[in-house]
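Notes for the one structure printed next.
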2 protein chains.
Amino acid sequence: MGEVLPRAERRRRTEGRILDAARSLFAEVGYERATIRAVAGAAGVDPALVMQYFGSKQKLFQQAVRVTPADGGEPGADEVVEHVLGTLGVKMGELPQSSLAMLRSMLTHPEAAASARRLLGEQIDRVAGSLSGDDARLRASLMTLVMLGVTVGHQLLELEELRGVPPEEVARLLRPGLRALAGPEAP
Amino acid sequence: MGEVLPRAERRRRTEGRILDAARSLFAEVGYERATIRAVAGAAGVDPALVMQYFGSKQKLFQQAVRVTPADGGEPGADEVVEHVLGTLGVKMGELPQSSLAMLRSMLTHPEAAASARRLLGEQIDRVAGSLSGDDARLRASLMTLVMLGVTVGHQLLELEELRGVPPEEVARLLRPGLRALAGPEAP
DNA sequence: TCGTTGAGTCAACGCCTGTTGAGCGAATGG
DNA sequence: CCATTCGCTCAACAGGCGTTGACTCAACGA
């Protein structure tokens, strides 16, 4: 039953299991409460191995929340709104564990905060690029923060008011407000 | 110089100093990183005294984030929007330390999460009460979460994009979107 | 086949945490 | 004035944490 694997492959898989366990735990309970021992336990491995592979808890966290920049689309005038709706979590079940891990710790762990600022900054840049006006950047920030608030309430706080609400409905309700923030450029 | 105070008064003041120190630290670094030793140090007091007065770190936190329910206004049809704008932090420098302490830890500390859910729930109830339609509660939730997102971005993450922006401007930009969420009842 | 590599474990370290109990000394009240 | 209360400190405990070094043993390469 248990197949015998070559060393390299075995290593890869174990490292992957540790990383998955780390992502789950960081996403569920945040940086401080996710202990290396718990991560190791969830991955079926000795705590010392986690250290040997990743060097420190800090570096493990960095690896766990490292996110593929993905995206890169240059959205038109006001598909920005759709872009914003799609990006930060209104496709609501779909946020990757790595993002949740980062968001969960962003208020209490300095490095997670830095990551969050960087990620939100990039998102703001993208949105602001499709807006015009001298307060474009401010409006882009608010659009992004609107999505952040909804995401936090839904995914992290798990407010019962949002449980089971179809993403399209939330998107439908949010759209007019986001359009208003996007500005008067579209006819 | 140092005036000699009666025992009761001395006790009251020390307790107050501890509570203030606790609020500051909880607000700055969150529940886990705010150690009893650090709180005691900031209050100029022995750690054991904190325990003696408050029983446990948990109870100290409860006291520190206990918020006077205040408010209670029954706003009319669409002053709801103004109410929402005023309540959760667009009077942006003005959020009390106790609220910041709760918000800072709400994603990582179970009890802070519970407090946050309760507080947001009450806010949602108030807002939903002034709305109509069968999705009133959902719309009220989104209005509240919009404000939460902006507050988190501004007060907790301290995004540079919002630094020094006058509250009225944020309110002005947010208003149309919130109005849209409040619904079509006002002419 | 045999020495070497490297995946994985074990037991321990030092540190910091929340929490406790004994004690000191000044304000209190009869 | 004396016994008592009580604000406050000191020193220590037990437990959990990140981290480390020595070790085991199966896969590897020549």
Side-chain angles (χ1 to χ4, degrees), chain A residues 1-23 25-26 28-65 101 105 108-112, chain B residues 1-23 25-26 28-65 101 105 108-112:
Chain A
M1 6 165 178
E3 188 171 356
V4 181
L5 298 169
R7 263 221 283 243
E9 182 63 13
R10 208 171 151 68
R11 157 86 188 227
R12 256 184 25 86
R13 296 203 187 182
T14 305
E15 208 169 297
R17 256 170 33 234
I18 294 175
L19 224 35
D20 283 347
R23 273 190 271 262
L25 273 170
F26 283 137
E28 273 174 40
V29 300
Y31 184 86
E32 333 269 350
R33 297 177 116 87
T35 68
I36 291 234
R37 283 166 160 87
V39 169
V45 139
D46 190 276
L49 193 66
V50 178
M51 297 301 296
Q52 192 175 138
Y53 283 178
F54 296 92
S56 70
K57 185 182 181 180
Q58 194 66 230
K59 292 181 186 167
L60 173 64
F61 182 77
Q62 290 173 6
Q63 288 279 343
V65 305
S105 299
T108 42
H109 187 57
E111 180 159 316
Chain B
M1 8 154 139
E3 188 171 357
V4 180
L5 298 169
R7 264 222 281 246
E9 182 63 13
R10 209 171 152 68
R11 157 88 188 228
R12 256 184 26 87
R13 295 202 189 183
T14 305
E15 208 169 298
R17 255 170 35 232
I18 294 175
L19 224 35
D20 284 345
R23 272 190 272 260
L25 274 170
F26 283 137
E28 273 174 40
V29 300
Y31 184 86
E32 335 269 351
R33 297 178 117 85
T35 69
I36 291 233
R37 281 167 161 87
V39 169
V45 140
D46 191 275
L49 193 66
V50 178
M51 297 301 296
Q52 190 177 137
Y53 283 179
F54 295 93
S56 70
K57 186 182 180 181
Q58 193 67 231
K59 291 181 187 167
L60 172 64
F61 182 76
Q62 290 173 7
Q63 289 279 342
V65 305
S105 299
T108 42
H109 187 57
E111 179 158 319

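We name chains A, B, ... by the order of the sequence lines, and we start the count at 1 in each one.
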Scan for salt bridge (charged side-chain N to carboxylate O under 4.0 Å, His left out) pairs involving residues 30-53 of chain B, sequence neighbours excluded, and state none if there are none.
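For residues 30-53 of chain B, and leaving out neighbouring residues, the salt bridge (charged side-chain N to carboxylate O under 4.0 Å, His left out) pairs sorted by first residue read A:E32-B:R33, A:R33-B:E32.
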NZ-CD distance between A:K59 and A:Q62, expressed to the nearest 0.5 angstrom
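CD of A:Q62 is found 8.0 Å from NZ of A:K59.
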Working to the nearest 0.5 Å, report the span between CD1 of A:I18 and CD1 of A:I36.
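With rounding to 0.5 Å, CD1 (A:I18) is 9.5 Å from CD1 (A:I36).
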For B:F26 and B:S105, which heavy atoms make the closest approach, and how far apart are they?
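Here B:F26 and B:S105 meet closest at O-OG, 4.5 Å.
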Looking at every heavy atom in both B:A22 and B:A64, which two are closest together, and how far apart are they?
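Here B:A22 and B:A64 meet closest at CB-CB, 4.4 Å.
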Determine the contact category for B:R11: base if any of its heavy atoms lies under 4.0 Å from a base atom, sugar-phosphate if only primed atoms, P, OP1 or OP2 are that close, otherwise nothing.
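The answer is sugar-phosphate, as B:R11 gets under 4.0 Å only of primed atoms, P, OP1 or OP2.
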Mind checking B:F54 for me? I need base, sugar-phosphate or nothing, with any heavy atom below 4.0 Å counting as a touch.
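Nothing, no nucleic acid heavy atom in range.
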Reading DNA chain D from 5' onward, which residue's closest nucleotide shows up sooner: B:R7 or B:T14?
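Taking each residue's closest nucleotide, the earlier one in sequence belongs to B:R7.
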Any chance you could lay out the side chain to side chain contact (heavy atoms under 4.5 Å, CB included) test for A:L19 and A:R23, step after step, and finish with the verdict?
CA-CA 6 Å; A:L19 224 35; A:R23 273 190 271 262; 3.8 Å; yes
Answer yes or no on whether A:K57 is positioned over the face of A:Y31, meaning its NZ or CZ is under 6.0 Å from the six-membered ring centre and within 45° of the axis.
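Verdict for A:Y31: a cation-pi partner in A:K57.
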Interface with DNA chain C, restricted to residues 55-62 of chain A and to heavy atoms under 4.0 Å
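Of all residues in residues 55-62 of chain A, none places a heavy atom under 4.0 Å from DNA chain C.
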Stretch residues 37-51 of chain B: residues that reach within less than 4.0 Å of DNA chain C through a heavy atom:
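Hits under 4.0 Å, by residue number: B:R37, B:A48, B:M51.
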Flag the pair B:D20 and B:R17 as a salt bridge only when some basic side-chain nitrogen lies within less than 4.0 angstrom of an acidic carboxylate oxygen.
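No, no charged N to carboxylate O under 4.0 Å.
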First-last contacting nucleotides on DNA chain C - partner chain B, under 4.0 angstrom, heavy atom
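Boundary nucleotides touching chain B, in 5' to 3' order, are C:dT17 to C:dT28.
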Could you tell me which residues satisfy side-chain contact (heavy atoms from CB on, under 4.5 Å) with A:V65, sequence neighbours excluded, listed by chain and number?
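A:V65: side-chain contact (heavy atoms from CB on, under 4.5 Å) contacts with A:F61, A:A101, A:M102.
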Along DNA chain D, 5' to 3', what are the outermost nucleotides having an atom less than 4.0 Å from a heavy atom of chain A?
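Answer, 5' to 3': D:dC17 to D:dC28.
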Of B:R7, B:R11, B:R13, the residue whose pairing with B:E9 passes side chain to side chain donor-acceptor pair (under 3.5 Å)
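Result for side chain to side chain donor-acceptor pair (under 3.5 Å) with B:E9: B:R13.
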Upstream residue (5' side of DNA chain C) when B:T35 and B:P6 are each assigned their closest nucleotide
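On the 5' side of the pair lies B:T35.
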